[in-house]
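Take a look at the structure set out below.
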Amino acid sequence: MHNKLKCIKQLNFFNSLNDNDLNLISDISDISNYPKNSILYYENDINNKLFFLISGLIKIYKIDKYENEIFLYNIYKNSLISELTTLENNTIHCFSNAEFLEDSIILEVDFLKLKENFLSKNILNNEFINEILLKTHQLHCVVNRELVFDATSKVAYMLCNDLEMFNRQKRQETSFMLHMQPETLSRVLKKLKRSESIDIENFKITIKNIDALKNIYKGK
């Protein structure tokens with residue numbers, strides 16, 4: 001059994017709250033455990049809970065008309081999961097699918113009660129605005145990855161911004177995330193190694209020249 005209040009205090013989102021407010025958050029929330037490969041929600045689901053990832057890892061993706069999975073981004077611990085487009089409604093619409101890549105712990109907060117006890121009093125409003133801006137930035141990155149970046153830019157961007165994930169998963173999984181063939185990923189990595197931007201040892205990558213990698217996807 002997890003200590004709910006302790007879990008809430010692990011989330012930066014609630015750092016500005018005093019002890020009384022933290023206790024109130026605890027009263028209107030629950031802690032849930034999800035195993036690896038389980039689904040938190042599907043696209044077009046509607047719920048009245050606000051989800052935070054206390055520990056674990058989540059993959060956000062969509063399914064196209066051919067039933068192909070389109071990877072969007074990962075969500076890491078100490079993050080808001082729910083996709084908010086407005087604070088006006090009392091329900092939250094899901095615009096994508098959320099799957100657990102690891103055994104995870106979730107904080108589920110009653111959204112209506114959160115609005116009544118906090119947002120209506122201008123408490124946590126800035127935190128929500130920052131989270132909405134963060135989600136917007138993530139979607140901008142998806143647009144760049146899918147519509148602007150070439151293969152080398154995609155790989156360079158992921159190495160600069162998500163090296164830990166790159167090294168922890170299989171190359172085939174990474175190529176799937178980046179929507180390229182494994183052979184293409186291999187060629188790009190070899191090219192980056194020849195340019196001495198990265199080094200590869202036992203399939204693990206270390207960055208030797210991060211400025212050179214950034215210049216690839218920034219177009220400099």
Side-chain angles (χ1 to χ4, degrees), residues 1-42 45-61 71-87 90-139 141-142 158 160-169 177:
M1 185 68 179
H2 300 286
N3 184 313
K4 192 193 305 184
L5 195 57
K6 182 179 179 181
C7 289
I8 293 170
K9 289 181 178 179
Q10 291 179 31
L11 297 168
N12 291 339
F13 187 89
F14 300 110
N15 277 351
S16 64
L17 300 183
N18 58 38
D19 288 342
N20 288 334
D21 287 339
L22 289 171
N23 285 323
L24 181 53
I25 291 291
S26 180
D27 291 339
I28 63 173
S29 64
D30 293 296
I31 299 290
S32 297
N33 293 274
Y34 288 86
K36 179 181 179 180
N37 298 326
S38 60
I39 300 294
L40 178 61
Y41 54 74
Y42 290 100
D45 282 354
I46 299 175
N47 61 67
N48 59 358
K49 300 289 186 181
L50 198 67
F51 299 119
F52 293 86
L53 183 60
I54 296 171
S55 65
L57 180 64
I58 291 177
K59 174 179 67 177
I60 302 298
Y61 66 96
F71 170 77
L72 297 180
Y73 53 86
N74 288 323
I75 295 179
Y76 299 91
K77 66 180 181 179
N78 190 17
S79 299
L80 174 67
I81 304 166
S82 302
E83 303 162 315
L84 290 169
T85 56
T86 178
L87 298 177
N90 293 329
T91 56
I92 299 172
H93 292 254
C94 302
F95 299 99
S96 55
N97 308 283
E99 178 183 346
F100 294 96
L101 298 180
E102 299 175 353
D103 292 346
S104 302
I105 303 173
I106 297 292
L107 178 72
E108 303 177 357
V109 184
D110 187 302
F111 188 46
L112 179 58
K113 292 180 180 178
L114 186 77
K115 291 176 63 176
E116 292 174 347
N117 291 283
F118 294 92
L119 299 186
S120 65
K121 302 174 183 177
N122 290 323
I123 302 173
L124 293 177
N125 295 61
N126 286 338
E127 285 79 358
F128 271 107
I129 291 172
N130 288 334
E131 288 294 340
I132 291 173
L133 291 174
L134 176 60
K135 295 290 185 186
T136 302
H137 173 71
Q138 288 175 319
L139 292 177
C141 293
V142 171
M158 186 173 183
C160 288
N161 293 278
D162 212 347
L163 180 62
E164 180 183 354
M165 175 60 67
F166 200 106
N167 280 330
R168 69 190 290 183
Q169 63 188 8
M177 287 174 60

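Note that this is a predicted model, so its numbers are computed, not measured. Note that these values count all heavy atoms, side chains included, but never hydrogens, waters or copies made by symmetry.
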Flag side-chain contact, heavy atom, 4.5 Å: Ile8 against Leu107: yes
Phe100 vs Lys36 side-chain heavy atoms within contact, under 4.5 Å: no
Spacing of Ile58 atom CD1 and Ser38 atom OG [to the nearest 0.5 Å]: 8.5 Å
Candidate pair Asn90 and Asn48, rule side-chain contact (heavy atoms from CB on, under 4.5 Å), full reasoning: CA-CA 7 Å; Asn90 293 329; Asn48 59 358; over 6 Å; no
Side chain to side chain, Leu50 and Ile92, heavy atoms closer than 4.5 Å: yes
Donor-acceptor contact below 3.5 Å, side chain Asp27 vs main chain Ile25: no
Over 12 non-hydrogen atoms of neighbours within 6.0 angstrom of NZ in Lys59: yes
Flag side-chain contact, heavy atom, 4.5 Å: Tyr41 against Ile81: yes
Ser120: side-chain contact (heavy atoms from CB on, under 4.5 Å) partners, not counting sequence neighbours: none
Side-chain H-bond candidate by donor/acceptor type, Tyr76 with Asp162, under 3.5 Å: yes
Intermediate values then yes/no, side-chain contact (heavy atoms from CB on, under 4.5 Å), Asn12 and Asn130: CA-CA 12 Å; Asn12 291 339; Asn130 288 334; over 6 Å; no
Side chain proximity check, Lys135 to Tyr73, heavy atoms < 4.5 angstrom: yes
CZ-CD distance between Phe13 and Glu127, expressed to the nearest 0.5 angstrom: 6.0 Å
Side chain Asn74, main chain Leu57, donor-acceptor under 3.5 Å: no
Student check: side-chain heavy atoms of Leu84 and Glu131 closer than 4.5 Å: no
Approximate separation, where rounding is to 0.5 Å, of Ile28 CD1 and Asn23 CG: 11.5 Å
Exceeds 12 heavy-atom contacts within 6.0 angstrom, atom NZ of Lys115: yes
Test log, rule side-chain contact (heavy atoms from CB on, under 4.5 Å), inputs Leu24 and Leu17: CA-CA 10 Å; Leu24 181 53; Leu17 300 183; over 6 Å; no
Separation between NE2 of His137 and CD1 of Ile132, rounded to the nearest 0.5 Å: 16.0 Å
Distance-minimising heavy-atom pair for Glu116 and Lys121: O-CE, 4.2 Å
Parallel, tilted or perpendicular: rings of Phe52 and Phe14 (30°, 60°): tilted
Summary of ring pair (Phe, Tyr, Trp, His ring centres under 6.0 Å) pairs that have at least one residue in residues 105-124, sequence neighbours excluded: none
Side chain proximity check, Ile60 to Glu83, heavy atoms < 4.5 angstrom: yes
Candidates Leu53, Asn33, Leu40 - the one meeting side chain to side chain contact (heavy atoms under 4.5 Å, CB included) with Ser104: Leu53
For Lys49, all residues meeting salt bridge (charged side-chain N to carboxylate O under 4.0 Å, His left out), sequence neighbours excluded: none
Interatomic spacing from CD1 in Ile105 to OG in Ser55 - rounded to 0.5 Å: 3.5 Å
Trace of the side-chain contact (heavy atoms from CB on, under 4.5 Å) decision for Leu124 with Asp21: CA-CA 11 Å; Leu124 293 177; Asp21 287 339; over 6 Å; no
Euclidean distance, Lys77 NZ relative to Gln10 CD, rounded to 0.5 Å: 8.5 Å
Side chain to side chain, Leu134 and Leu80, heavy atoms closer than 4.5 Å: no
